[in-house]
Undergrad: 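Sending over a structure as structure tokens; questions will come in a sec.
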Amino acid sequence: MQTIWFILWGVLWAVYFALDGFDLGVGTLLPFLAKNEEEKRSAYAAIGPYWDGNEVWLIAAGGVTFAAFPEAYATMFSALYSALMLLLFALILRGAAVALREESESAWAKKAWDALFVAGSFLPALLLGVAFANIFMGIPIDGEGISDGTILTLLNFYGLLGGLLFLLFFLVHGCLWLAVKTEGEMAERAAALAGKLWYALVSVVVAFLIVTWFQTRLYDNYLSSKVLFVIPLLAAGCLAGVFLLSRKGQYFKAWLASGVAIISCVMFGVAGLYPVILPSSLSRDYDVTIYNASSSPLTLKIMLGVTLVLLPLVIAYQVWTYYIFKGKVEGEQGY
């Protein structure tokens with residue numbers, strides 16, 4: 001039962017990154033792709049119907065961590081407290097910017113909300129990568145689940161490389177989404193920028209995989225079970241698909257391939273961690289695993305039944321939302 005919940009835990013985080021990643025990318029790139037007010041309105045409209053629904057997966061992932069692995073949840077929020085609070089504040093600012101910009105009439109107010117929207121998109125994209133890279137590498141937690149590290153401890157080379165990896169993934173994902181949802185010069189700029197950022201993304205992916213060999217224990221599971229290599233191979237195939245499909249102008253398919261690449265890369269790390277949720281950099285004896293951090297078997301069984309009922313409803317809601325708001329957006333569609 002713990003293994004089932006561990007897989008579900010990883011999948012929920014991966015799906016969140018794939019869905020919220022494109023609107024974080026759009027927000028970060030707003031000053032570079034939107035050259036006038038109409039294009040800014042188009043960028044906001046491109047993510048407007050989706051961003052809050054995408055964040056449901058963040059709530060679900062956090063909820064699963066709390067309910068299924070409460071010890072891991074407590075340790076995570078202790079060890080990563082500063083980074084997670086900064087992430088939370090950034091997401092709040094982003095949500096406020098999206099909602100309040102539409103109500104603002106003056107140009108300076110719109111520019112202020114735009115700046116907060118960019119900051120509230122860039123910081124989560126970077127911090128999520130920093131946090132997960134540090135989890136892959138190991139956090140300095142002792143036998144009591146307490147960490148004496150600070151946010152500066154997290155800003156190590158490997159953590160920042162993970163932050164750059166997530167950021168580039170989300171930027172490419174966001175560019176492809178704008179190429180799908182907008183028209184004219186903005187769509188052309190987004191498609192062209194996606195092609196340029198793709199090379200940087202692939203370079204960072206290769207560097208991250210190499211550094212991961214020396215900085216983490218993730219490859220141990222892969223060496224003991226070769227079938228797991230299908231995960232990074234899927235990610236590589238999807239990244240190649242992004243490049244080829246973009247060159248053919250099939251941007252929606254390229255966006256789907258980008259999403260699967262993000263999910264595959266996250267699951268690469270999750271599969272490497274198993275059965276550990278939070279490795280300790282001090283001693284393997286202090287690792288937080290699915291066995292010493294999980295809820296009771298009865299709790300896990302009851303929650304699994306609830307999840308099997310509610311999760312299809314969430315998926316149906318999101319599919320319906322994307323279907324209803326399919327097609328190109330126009331600058332005058334609010335925001």
Undergrad: Do any N or O atoms from the side chain of R189 and from the backbone of L33 form a donor-acceptor pair under 3.5 angstrom?
TA: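 Side chain of R189 to backbone of L33, a donor-acceptor pair under 3.5 Å: yes, one is there.
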
Undergrad: Are V270 and L233 joined in one hydrophobic group, where the rule is that I, L, V, M, F, W and Y side chains link up if heavy atoms are under 4.5 Å apart?
TA: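 As far as the 4.5 Å side-chain criterion goes, L233 and V270 are not connected within one cluster.
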
Undergrad: When you group the ILVMFWY residues by side-chain heavy-atom contacts below 4.5 Å and let the links chain together, are I4 and L310 in the same group?
TA: no

Undergrad: State, yes or no, whether a side-chain contact exists between K110 and K40 at a heavy-atom distance under 4.5 Å.
TA: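 The answer is no; the side chains never approach within 4.5 Å.
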
Undergrad: How far apart are the C-alpha atoms of Y16 and V266, what are their side-chain angles, what is the distance that settles it, and do they pass the side-chain contact (heavy atoms from CB on, under 4.5 Å) test?
TA: CA-CA 10 Å; Y16 165 67; V266 175; over 6 Å; no

Undergrad: Could you tell me the separation between the CD1 atom of I210 and the CD atom of Q215, rounded to the nearest 0.5 Å?
TA: 13.0 Å

Undergrad: Any chance NZ of K196 has more than 12 other-residue heavy atoms, nucleotides or ligands included, within less than 6.0 Å?
TA: no

Undergrad: Can N292 and E71 be said to form a side-chain contact (heavy atoms from CB on, under 4.5 Å), step by step?
TA: CA-CA 8 Å; N292 62 24; E71 292 295 329; 5.8 Å; no

Undergrad: Over all heavy atoms of both residues, which pair between I141 and L282 is shortest? Give the atoms and the distance, please.
TA: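 Here I141 and L282 meet closest at O-CD1, 3.5 Å.
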
Undergrad: For side-chain contact (heavy atoms from CB on, under 4.5 Å), just list the numbers for T289 and I277, CA-CA rounded to whole Å, side-chain angles, deciding distance to a tenth of an Å, and then say yes or no.
TA: CA-CA 5 Å; T289 72; I277 300 178; over 6 Å; no

Undergrad: Are L128 and V56 co-members of a hydrophobic cluster defined by side-chain heavy atoms under 4.5 Å apart?
TA: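 Yes; L128 is reachable from V56 via cluster members.
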
Undergrad: Does a side-chain heavy-atom distance below 4.5 Å link C265 with F208?
TA: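 Heavy-atom side-chain distance check fails, nothing below 4.5 Å.
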
Undergrad: Just by distance, do the side chain of Y291 and the backbone of Q2 share a donor-acceptor pair under 3.5 Å?
TA: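 The answer is no, because no donor-acceptor pair under 3.5 Å joins these two groups.
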
Undergrad: Do Y274 side-chain atoms and T3 backbone N/O form a donor-acceptor pair below 3.5 Å?
TA: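 No; judged by distance alone, with no hydrogens or angles, the pair does not exist.
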
Undergrad: Identify the heavy atoms of G27 and V118 that sit nearest to each other, and give their distance.
TA: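 Nearest heavy atoms, G27 then V118: O-CG2, 3.4 Å.
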
Undergrad: Heavy-atom count check: over 12 atoms from other residues, nucleotides or ligands less than 6.0 Å from Y322 OH?
TA: yes

Undergrad: L278 and A72: which non-hydrogen atoms are nearest, and at how many Å?
TA: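 Closest approach of L278 to A72, heavy atoms only: CD1-O, 3.5 Å.
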
Undergrad: Decide yes or no for P297 and M1: does some side-chain heavy atom of the first lie under 4.5 Å from some side-chain heavy atom of the second?
TA: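 A side-chain contact under 4.5 Å is absent here.
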
Undergrad: Aromatic rings Y222 and F268: how do their planes relate, parallel, tilted or perpendicular, breaks at 30° and 60°?
TA: tilted

Undergrad: For a quick test of reading the model, state the closest non-hydrogen atom pair linking C238 to V260 and the distance between them.
TA: SG-CG1, 3.4 Å

Undergrad: ring-ring contact (aromatic ring centres under 6.0 Å, His included) between F17 and F169: does it pass, once the steps are laid out?
TA: CA-CA 9 Å; F17 294 141; F169 258 125; over 10 Å; no

Undergrad: Could you list the residues that satisfy side-chain hydrogen bond (donor to acceptor under 3.5 Å, both in side chains) with N134, not counting sequence neighbours?
TA: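 Per chain and number, N134 pairs via side-chain hydrogen bond (donor to acceptor under 3.5 Å, both in side chains) with N156.
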
Undergrad: Using side-chain heavy atoms (C-beta onward) and a distance below 4.5 Å, is I290 in contact with V276?
TA: no

Undergrad: Keeping W255 on the side-chain end and V180 on the backbone end, is there a donor-acceptor pair under 3.5 Å?
TA: no

Undergrad: Do L311 and L19 belong together in a cluster built from hydrophobic side chains that touch within less than 4.5 Å?
TA: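 Looking at the clustering, L19 is in the same group as L311.
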
Undergrad: Just wondering, are more than 12 heavy atoms of other shown residues or ligands nearer than 6.0 Å to NZ in K248?
TA: no

Undergrad: Does atom CZ of F229 have more than 12 heavy-atom neighbours from other groups under 6.0 Å away?
TA: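 Check passes, neighbour count above 12.
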
Undergrad: Are I231 and I262 linked, directly or through other ILVMFWY residues, by side chains that come within less than 4.5 angstrom of each other?
TA: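 I231 and I262: one cluster.
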
Undergrad: Could you tell me whether the side chain of F157 reaches within less than 4.5 Å of the side chain of V211, counting heavy atoms only?
TA: yes

Undergrad: Under the criterion ring-ring contact (aromatic ring centres under 6.0 Å, His included), I'd like the reasoning laid out for F117 against W51: C-alpha separation, chi angles, the key distance, then a yes or no.
TA: CA-CA 12 Å; F117 179 59; W51 72 269; 8.6 Å; no

Undergrad: Side chains of L209 and Y219: closer than 4.5 Å at any heavy-atom pair?
TA: yes

Undergrad: Run the numbers on Y44 and E102 for side-chain contact (heavy atoms from CB on, under 4.5 Å), then give the verdict.
TA: CA-CA 10 Å; Y44 278 99; E102 186 178 8; over 6 Å; no

Undergrad: If we ignore angles and hydrogens, is there a donor and acceptor under 3.5 Å between the side chains of S283 and S280?
TA: no

Undergrad: Looking at A79 and I139, what are the two nearest heavy atoms and their distance?
TA: CB-CG2, 3.6 Å

Undergrad: Nearest 0.5 angstrom please: I135 CD1 to T216 OG1, how far?
TA: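 OG1 of T216 is found 13.0 Å from CD1 of I135.
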
Undergrad: Measure the CG-NE2 distance between D23 and H173 for me, rounded to the nearest 0.5 Å.
TA: 9.0 Å

Undergrad: I would like to know whether Y158 and F136 meet ring-ring contact (aromatic ring centres under 6.0 Å, His included); could you show each step before the answer?
TA: CA-CA 10 Å; Y158 186 68; F136 295 159; 7.5 Å; no

Undergrad: For the backbone of L24 and the side chain of T28, can you confirm whether one donor and one acceptor N or O come within less than 3.5 Å of each other?
TA: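 Yes, the answer is positive, given that a donor and an acceptor are paired below the 3.5 Å cut-off.
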
Undergrad: Within the 4.5 Å heavy-atom criterion, are W57 and Q318 side-chain neighbours or not?
TA: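 Yes; the side chains approach each other to less than 4.5 Å.
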
Undergrad: Under 30°, 30 to 60°, or over 60°: which ring-plane class applies to F22 and W177, parallel, tilted or perpendicular?
TA: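 Judged by the thresholds at 30° and 60°, the geometry between F22 and W177 is tilted.
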
Undergrad: Could you grab the distance from atom CG of D287 to atom OG of S281, nearest 0.5 Å is fine?
TA: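 Here the rounded value is 9.5 Å.
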
Undergrad: Nearest 0.5 Å please: distance from the NZ atom of K111 over to the CG atom of L116.
TA: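 Interatomic distance, K111 NZ to L116 CG, rounded to 0.5 Å: 14.5 Å.
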
Undergrad: Side-chain polar contacts of residues 58-70 - donor-acceptor pairs under 3.5 angstrom, sequence neighbours left out - could you list them?
TA:
residue: T65; atom: OG1; partner: W9; partner atom: NE1; Å: 2.9
residue: T65; atom: OG1; partner: A61; partner atom: O; Å: 2.8

Undergrad: Below 4.5 Å, heavy atoms only, C-beta onward: do D20 and F170 meet side chain to side chain?
TA: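 Of all side-chain heavy-atom pairs linking F170 with D20, none is under 4.5 Å.
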
Undergrad: Grab the two heavy atoms, one from N221 and one from L273, that are nearest each other, plus how far apart they are.
TA: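 Closest approach of N221 to L273: ND2-C, 4.1 Å.
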
Undergrad: Please report the interatomic distance CD(E38) to OG1(T182), rounded to the nearest 0.5 Å.
TA: 11.0 Å

